[in-house]
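We count residues from 1, following the sequence as given. Values below: every heavy atom of this structure, side chains too, minus hydrogens, waters and symmetry copies.
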Amino acid sequence: MDLSLDIDGVAYRPGYFGPAQQAELMAAVAQVMASAPLFVPRMPRTGKAFSVAMTNCGPLGWVSDEAGYRYQTTHPETGDPWPPIPDALVALWRAVGAPAEPEACLVNHYHDRARLGLHQDRDEIDRAAPVVSVSLGDTAVFRLGGTRRRDPTRSMKLASGDVLVFGGPARLIYHGIDRILAGTSRLVPGGGRINLTLRRVNPIGEGEA
Ligand code: MD6
Ligand code: FE
């Protein structure tokens with residue numbers, strides 16, 4: 001399936017990964033979570049817990065706590081380096097035609113009542129590369145806005161196997177998760193939804209593994 005960005009910088013490819021590929025991805029992500037356990041990020045300053053639990057794979061991982069948002073090379077609780085990004089996700093990133101290898105893959109886990117407020121992905125220094133997202137498990141109600149917080153938003157559903165890419169003019173659009181439609185999939189052990197987002201953090205040629 002073609003992954004080139006639409007004119008507005010978004011590529012939405014429902015069902016990009018079929019059921020068998022989703023099961024393989026889920027097994028690879030379970031391995032990631034076994035070596036880098038899910039943790040609960042906290043809001044900068046207030047320390048309020050996110051409703052989403054997360055981990056990372058790749059040379060860098062995104063973390064958030066009282067000290068702020070940042071990318072770092074180690075897990076905040078175990079102190080270990082993040083495990084490698086599963087091959088199928090690196091292949092997806094390459095299929096998008098991104099100019100350099102991915103440096104971070106965020107793994108977000110949503111239980112039934114978890115949500116993620118409207119945000120921009122702007123903690124990366126290199127924003128020339130797109131952000132590539134894969135959804136697994138329960139369907140999410142996703143909110144997609146514009147590059148300004150006050151821009152109108154629309155709602156769409158992200159189901160297991162769907163791929164969403166934000167690049168070019170859409171790289172900094174506001175987006176979030178309104179809610180999870182519990183019980184819509186049986187892919188994730190114990191239920192819920194997992195979202196994987198692949199990113200480039202540093203400009204090409206810097207921080208190269
Ligand atoms: C989620 N996704 O789907 C959250 N960010 O659970 C994101 O925050 C996201 O899907 C950047 C690009 C695509 C995304
Ligand atoms: Fe995001």
Side-chain angles (χ1 to χ4, degrees), residues 2-13 16 25 28-29 32 35-36 39 41-45 50 52 54-76 78-108 116-135 142 144-149 151 163-177 194-209:
D2 171 47
L3 276 168
S4 54
L5 299 179
D6 299 332
I7 192 111
D8 57 0
V10 174
Y12 167 53
R13 299 293 180 267
Y16 183 86
L25 259 178
V29 171
V32 166
S35 88
F39 62 93
R42 301 185 303 277
M43 289 296 291
R45 295 189 307 281
F50 283 49
V52 174
M54 70 170 300
T55 188
N56 293 272
C57 48
L60 292 172
W62 187 89
V63 303
S64 181
D65 58 22
E66 285 79 349
Y69 308 128
R70 61 195 176 274
Y71 280 95
Q72 63 182 42
T73 56
T74 55
H75 190 287
T78 67
D80 292 336
W82 306 105
I85 300 175
D87 291 345
L89 294 174
V90 175
L92 171 69
W93 174 269
R94 290 182 183 151
V96 173
E101 292 297 279
E103 291 177 296
C105 177
L106 280 64
V107 179
N108 281 341
L116 187 65
L118 205 66
H119 68 277
Q120 291 173 299
D121 287 22
R122 53 180 314 143
D123 298 325
E124 300 75 28
I125 300 159
D126 181 357
R127 300 193 195 129
V131 179
V132 179
S133 137
V134 182
S135 294
F142 187 80
L144 189 65
T147 52
R148 294 165 303 182
R149 188 174 278 278
D151 286 342
V163 168
L164 183 64
V165 184
F166 290 170
R171 176 65 182 76
L172 287 176
I173 56 179
Y174 278 90
H175 58 281
I177 296 290
I194 289 176
N195 178 259
L196 309 162
T197 53
L198 295 149
R199 298 109 189 277
R200 180 78 201 173
V201 177
N202 294 302
I204 300 168
E206 290 178 37
E208 220 67 46

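Taking Arg122 as the reference, nothing meets the salt bridge (Lys or Arg N to Asp or Glu O under 4.0 Å) condition, with sequence neighbours excluded. Asp8 is linked by a salt bridge (Lys or Arg N to Asp or Glu O under 4.0 Å) to nothing, counting only residues two or more places apart in sequence or in another chain. Asp123 pairs by the salt bridge (Lys or Arg N to Asp or Glu O under 4.0 Å) definition with nothing, not counting sequence neighbours. Shown here are the salt bridge (Lys or Arg N to Asp or Glu O under 4.0 Å) partners of Arg94, two or more places apart in sequence or in another chain: Glu101.
Across Ser35 and Pro83, no two heavy atoms sit closer than the pair OG-CG, 3.3 Å. Taking both residues in full, the closest heavy atoms of Ile204 and Pro99 are given as CD1-CB, 3.6 Å, listed atom of the first, atom of the second, then distance. In terms of heavy atoms, Arg13 sits closest to Asp6 at NH2-OD1, 3.8 Å. Taking both residues in full, the closest heavy atoms of Ala100 and Arg200 are given as CB-NH1, 3.5 Å, listed atom of the first, atom of the second, then distance. Closest non-hydrogen pair, Leu25 versus Ala88, comes out as CD2-CB, 4.2 Å. Among all heavy-atom pairs drawn from Trp82 and Gly61, the shortest one is NE1-N, 3.1 Å.
Contact annotation: the side chain of Ile125 approaches that of Pro203 to within less than 4.5 Å [non-hydrogen atoms, C-beta and beyond]. Side-chain contact between His119 and His175: present, with at least one pair of heavy atoms (C-beta onward) separated by less than 4.5 Å. Side-chain atoms of Leu92 and Leu3, non-hydrogen and from C-beta on, do get closer than 4.5 Å to each other. Within the 4.5 Å cutoff, side-chain heavy atoms of Thr73 are placed close to those of Leu60. With a 4.5 Å cut-off on side-chain heavy atoms, Met54 and Phe39 count as touching.
The distance from atom CG of Asn56 to atom CG of Leu196, rounded to the nearest 0.5 Å, is 11.0 Å. Asp121 contributes atom CG, which lies 11.0 Å from atom OH of Tyr174 (distance to the nearest 0.5 angstrom).
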query: Which is it for Thr197 and Phe166 under the side-chain contact (heavy atoms from CB on, under 4.5 Å) test, yes or no, and what are the steps along the way?
result: CA-CA 10 Å; Thr197 53; Phe166 290 170; over 6 Å; no
task: For the pair Phe142 and Ile177, evaluate side-chain contact (heavy atoms from CB on, under 4.5 Å) and give the outcome as yes or no after the intermediate values.
output: CA-CA 5 Å; Phe142 187 80; Ile177 296 290; 3.5 Å; yes
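Here the rule is side chain to side chain contact (heavy atoms under 4.5 Å, CB included) with Leu89, and of Pro102, Cys105, Pro84 only Cys105 fits it.
Within the 3.5 Å criterion, the main-chain N or O of Leu172 finds a donor-acceptor partner in the side chain of Gln120. Of the possible polar contacts, one joining the Ser64 side chain to the Arg42 backbone as a donor-acceptor pair under 3.5 Å is found. A donor-acceptor pair is defined here as one N or O able to donate and one able to accept, closer than 3.5 Å; no such pair exists between the side chain of His75 and the backbone of Pro81.
Screening residues 124-133 for side chain to side chain donor-acceptor pair (under 3.5 Å), with sequence neighbours left out, gives Tyr71-Glu124, Glu124-Arg171, Glu124-Arg199, Ser133-Asn195. Each salt bridge (Lys or Arg N to Asp or Glu O under 4.0 Å) pair with one or both residues in residues 78-90, not counting sequence neighbours, would appear here, but there are none.
Taking the six-membered ring where tryptophan is involved, the planes of Trp62 and Phe50 are perpendicular, since the angle between them exceeds 60° and thus also 30°.
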